[in-house]
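Structure, as structure tokens:
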Amino acid sequence: MIDTDYQTELDSIWRKLRPHLEWARGFALAVLFSRHPAPVQALKQRLQDLLSINTLPLRQFVLQHPEQLDTTLAAILAARPLGDKRPPLWLELRLDGDSQRRAVWQLLARLNERRFLLERDVACPMIVLLPCEFRLDVPSMLPDLWSIRSFTADLPTPVPIVPASRAENVPAPASLAASCELSAAELEWQRLWEHTTDKQRLSADAAFAALDAAIERTDYAAAGQVVEQMSPVLRRLANKPDASDAVRNFSIILDYTGDIGQALGSLEEARAAYAESLSLRRQLREALGDSPQALRDLSISLEKVGNVEQALGCLDEARTAYVESLDLRRQLREALGESPQALRDLSISLNNIGDVDQALGRLEEAWVTYAESLGLCRQLRAALGDSPQALRDLSISLDKIGDVEQSLGRLEEARMTYAESLDLRQQLRAALGDSLQALRDLSISLDNVGDVEQALGRLEAARAAYTESLDLRRQLRAALGDSPQALRDLSISLDNVGDVEQALGRLEAARAAYAESLDLRRQLREGLGDSPQALRDLSVSLDRIGDVEQALGCLEAARAAYAESLGLCRQRREALSGSQQALRDLSVSLNKIGDVEQSMGHLEEARTAYAESLALRRQLRDMQGDSQQALRDLSVSLNNIGEVDQALGRLEEAWAAYAESLGLFRQLREALGDSPQALRDLSVSLEKIGDVELALGRLEEARTVYVESLSLCRQLREAMGDSPQALRDLSIALNNIGTVEQVLGRLPQARGCFKESMELAAKLAEAFPNVPRYANDLAWVSASLQALDSGEQLD
């Protein structure tokens, strides 16, 4: 950048920044990122000049050493307006080593947590100067402050270094009475709206700038007001002949209408707005031809339609829109060549298709589109080098591939994919240092590795990955303090560790991890109040405590935890009466109550809980249609009813519930194909039908369904290898066949099944000596074989 360009850009930033400082009627935040000290000093000088006109001081705070953290924070929070004047605060943060970096993040995090005090007490504008390397992390790590900022800019870098120049003393613009939350763009829009008689002369760009600012602040009421003001104006202009620009502007305001509706949960209103915008963009394409602008506008509009259809659960409709958008982006790539923007747009479009295919259970199709997107990300990396954005995009794409590989049961492939993503995130950490984003991304990647290791039965390897992730999240908490995000991430990591400890049979260690997680979630609820997320997180944590207490045989403690969780779920349902998630969470909680009541021998109480859960799941199916989630949840609930009816001796009622569940699982397999989940669910359902057929004395019918279940278990083992789940399922299926063969008097066949079952059970018991259920399985099948050899029948 030559000197003239540098000076022009710096002047432009100052002109845009100045109204945010002069018009503020309370706390306002401007965040500036810089690679060089020269523009920082130049802006500081301009601000000093401006303040000196009004005989006001420049109140500046510079964190130069880590030990100044507490005094700097206290000084900022002690700042107040000077009479009726609100001179800005200038906070300059510099880096000099890891300890200084940690101090900077800690100061920012504490300011983020004290947003209320800044708005209520400090009530003055504040300019924060940060190194440019913080640009990627600040939005996600400081969400409260970032959401209310009114101005952001990247300062130019001089080449060569030029001395800071003094600005002319330009008279300040007249102040406007406005809320301190309003940005300069919104204030300007208010002025234009109030003082422009002919509304058709208003600038659409000014309205769009105000909308962007309001949406950035998540002030959807303010954004909605701008939409209400400008929509009729743009509609009238769009209805005039030869008004392609006006038509495009009207389609844009409709997109804003849809965005606001979707953000507020008004999905039908969003759908209507996006559909009208899409119609206009088709009209523009027909009028203007296949210009790049017309094609890209249309592809974006289709993407928005797809997003809202997906949110409404209309996955086929979402896919249709995404496919048309993808075709346009392929056409744009052909027209524009291999530009980074064209490639990245195409990659995003492919991911949209993959996401909806995965939700539809079309896992192979999802894999194909994710793989093409991954190829584009690799191409972008080759073109752009190892930039942080290119590396991060590639790691996210690898995670998507890993997710679908894991769902397909290709666990080794998923493991390799997650490992490559992990390498990239370790590379990003090495390049960026221990930034909060780098650490958090790395912890997520380690969790993915832990998940697939656990699915492969490599529980110690899973534990190592989860433990490393946990260490990173403790480090993040130490850097950020007890921010809500830091606490929640730490609680999730503790849950992962607890899960694998429980799978390893280390129940006391699992209980300790879950208990620490529960304490954090109680702390979050205390800090955040009874927000839906806080209540849900606490409910989930109580369920985990209940699970491990039940595994330890502490049934009263388990019931107490489940009961508290159920109370929270009922509270959430009451607060979120229209939420399908709240209904589903309540049904899950009722099932857990039913489980522990059944374990305690309280069968009627268990059935009451299961019946209420079943009613909720029938209600959810009515709301959602035959979605994968609705069908699977309903079938699981029917199995619960069947189990307790069977235990109560109501065998025909149990058979009816199991049969309805089996029909749903067959429907799911037909829809999803032979995915591991679909095969296993169907196998378990057949096993339950077999159990009740056997209890009713229908031996041949029992044998028929047991044989089908066994065939599915062998198919699963072939697909997934010798994972613990696949081996145990196969062992149980063989034991079932052996039992019915024995009752039918086919003793050689029974002996062969029991022996194969025992070999599998012994393999698991040897591999996992601390897991009680594997030892119990081995003891049971050994007793079955021994009883057969002695000529006895085993109950």
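Basis for what follows: all heavy atoms, side chains included, without hydrogens, waters or symmetry-related copies.
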Between Y610 and D645: side-chain donor-acceptor atoms closer than 3.5 Å:
no
Under a 3.5 Å cutoff, is there a donor and acceptor pairing between the side chains of S599 and Q550?
yes
Short side-chain to backbone donor-acceptor contact, S493 and L470, under 3.5 Å
yes
Side-chain heavy atoms of I689 within contact of W655, under 4.5 Å:
yes
Under a 3.5 Å cutoff, is there a donor and acceptor pairing between the side chains of S613 and N591?
yes
Under a 3.5 Å cutoff, is there a donor and acceptor pairing between the side chains of D355 and Y370?
yes
Among residues at least two apart in sequence or on other chains, which ones pass ring-ring contact (aromatic ring centres under 6.0 Å, His included) with Y774?
F768
Residue from R570, R521, K592, R522 passing salt bridge (Lys or Arg N to Asp or Glu O under 4.0 Å) with E564:
R522
Are Q646 and Y658 close enough that a side-chain donor and a side-chain acceptor fall under 3.5 Å?
yes
Student check: side-chain heavy atoms of R703 and R698 closer than 4.5 Å
no
Does one side chain, of Y322 or Q310, offer a donor that lies under 3.5 Å from an acceptor on the other?
yes
Kindly say whether D451 contributes a backbone atom to a donor-acceptor pair with the side chain of Y466 at under 3.5 angstrom?
yes
If we ignore hydrogens and angles and just use 3.5 Å, is the side chain of S589 paired with the main-chain N or O of D585 as donor and acceptor?
no
So, the side chain of S443 versus the backbone of S469: is there a donor-acceptor pair under 3.5 Å, distance only?
no
Strictly distance-based, threshold 3.5 Å: is any side-chain N or O of S711 a donor or acceptor partner for the main-chain N or O of V707?
no
Check V636, N639, L638 against L664 for a side-chain contact (heavy atoms from CB on, under 4.5 Å) and give me the one that passes.
L638
Are a donor atom and an acceptor atom from the side chains of D519 and Q523 found within less than 3.5 Å of each other?
no
Side-chain donor-acceptor pair under 3.5 Å between E303 and N307, yes or no?
no
Got a donor-acceptor contact below 3.5 angstrom from the Y514 side chain to the D543 backbone?
no
When you compare the side chains of Q358 and D403, does any donor N or O come within less than 3.5 Å of an acceptor on the partner?
no
Could you give me the CA-CA distance, side-chain angles and deciding distance for E612 and R618, then say whether salt bridge (charged side-chain N to carboxylate O under 4.0 Å, His left out) is met?
CA-CA 10 Å; E612 184 180 352; R618 291 197 190 281; over 6 Å; no
Are L682 and L662 close enough that some pair of their side-chain heavy atoms sits under 4.5 Å apart?
yes
